[in-house]
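Chain letters run A, B, ... following the sequence lines, proteins first and then strands; every chain starts at 1.
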Protein chains: 2
Amino acid sequence: MAYIYDIYEENCPTRQVLDRLADKWALLILDQVQAAPKRFNHLRRDIKGISQKALSQTLKKLERDGLVSRTVYPSVPVTVEYALTPLGGTLKDTVAAIAHWAERHMDSVLEAQQAYDTALAAR
Amino acid sequence: MAYIYDIYEENCPTRQVLDRLADKWALLILDQVQAAPKRFNHLRRDIKGISQKALSQTLKKLERDGLVSRTVYPSVPVTVEYALTPLGGTLKDTVAAIAHWAERHMDSVLEAQQAYDTALAAR
DNA sequence: CCGCATCCATCTCGATACTG
DNA sequence: CAGTATCGAGATGGATGCGG
């Protein structure tokens, strides 16, 4: 399978996909939804610091990209569940890999930052 | 090794690391630098569409995080090379995984977007 | 060649208020 | 419960010009 697009070209579709993943909240949402479907306010509660606007927008983008499904249950009041689609499921391992890297190397990064900052301050 | 921090908490260091990777350009730069060190304008040329400001800023962030090293060769005119640090090297596989996912599933995402958009327009 | 400083347009984001 | 609408502030991004 040959790739038509060059990832370093502008407007390359791969870039767009990358940009979606490079969203501040997308990865966290995908990780939250990954185990089991979750309701809107459930996500809002669990992902500390996200505004309802940001959550709403990011969910809509993820839905548009086919990574997350949105299911409305006509109860009163309405219940809406967000779940990982099969396509989204193919991302699970990758998302997990990123999260694990972040957890494992967090300390090193923090150290590097301190070293950098003190070196800067010394000059 | 137990993790003190909750990834879903605000101001959790893992979040900060995640935010760095969630940069529009960081992944592309890491991928560019991964194989061999590159000069500033080399990166600028190869990563189409990046402004020199964005490149400069992102490189500085990556350097601060200890993922990329910056070496100045006192030639005339100056040559500056950016390379992956050992810490940055531990990210190689993860970055590659993301890029591969994007390439492999790009078409599906594009389809999903079209389906979403036409469904929206129909209403 | 490598970058910083500045200016300015754009956009994103959060807070708030309101609807089905 | 699950959003949309609106508005203002702050961050962001590109273009330009200059300095080491």
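At least one side-chain heavy atom of Arg39(A) sits less than 4.5 Å from a side-chain heavy atom of Arg45(A). Looking only at side-chain heavy atoms (C-beta outward), Val72(B) and Thr79(B) stay at 4.5 Å or farther from each other. The shortest side-chain heavy-atom distance between Leu59(A) and Tyr82(A) falls under the 4.5 Å cut-off. Within the 4.5 Å cutoff, side-chain heavy atoms of Leu43(A) are placed close to those of Val33(A).
Tyr73(A) comes within contact range of no nucleotide atom at all, as no heavy-atom separation falls under 4.0 Å. Residue contacts for Arg44(B): at a heavy-atom cut-off of 4.0 Å it reaches no nucleic acid atom on any strand shown. The residue Lys60(A) sits close only to the backbone: its heavy atoms come under 4.0 Å of sugar-phosphate atoms, none of a base.
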| Is there a side chain to side chain contact (heavy atoms under 4.5 Å, CB included) between Leu91(A) and Trp101(B) once you walk through the steps? | CA-CA 7 Å; Leu91(A) 248 182; Trp101(B) 186 92; 3.3 Å; yes
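Whole-Å rounding puts the Asp19(A) CG to dT12(D) P distance at 15 Å. Rounded to whole angstrom, the span from the CD1 atom of Ile50(B) across to the P atom of dT12(D) amounts to 15 Å. In this structure, the CD atom of Glu63(A) is 13 Å from the C1' atom of dG3(D), given to the nearest Å. One can place NZ of Lys48(B) at 19 Å from C1' of dG14(D), the figure rounded to the nearest angstrom. Atom NE2 in His42(A) sits about 18 Å away from atom C1' in dG3(D), given to the nearest Å. Here the C1' atom of nucleotide dG3(C) and the CZ atom of Phe40(B) are 6 Å apart, to the nearest Å. Atoms CD (Gln57(B)) and C1' (dA5(C)) sit 12 Å apart, rounded to a whole Å. Look at CG on Leu55(A): it is 17 Å from P on dT12(C), rounded to the nearest Å.
Distances from the side chain of Val80(A) to the nucleotides dG3(D), dG13(D), dC2(C) place dG3(D) closest.
Look at Tyr82(A) and you won't find any side-chain N or O under 4.0 angstrom from OP1 or OP2 of dC1(D). Between Ser56(A) and the phosphate of dA2(D), there is no side-chain N or O to OP1/OP2 separation shorter than 4.0 Å.
When each of Lys61(B) and Val78(A) is assigned the nucleotide of DNA chain D with its nearest heavy atom, Val78(A) is the one assigned upstream, toward the 5' end. Take the nearest nucleotide of DNA chain D for Lys53(A) and for Pro77(A): the residue whose nucleotide is more 5' is Pro77(A).
Residue-to-nucleotide contacts include a donor-acceptor pair under 3.5 Å from the side chain of Gln52(A) to the base of dT4(D).
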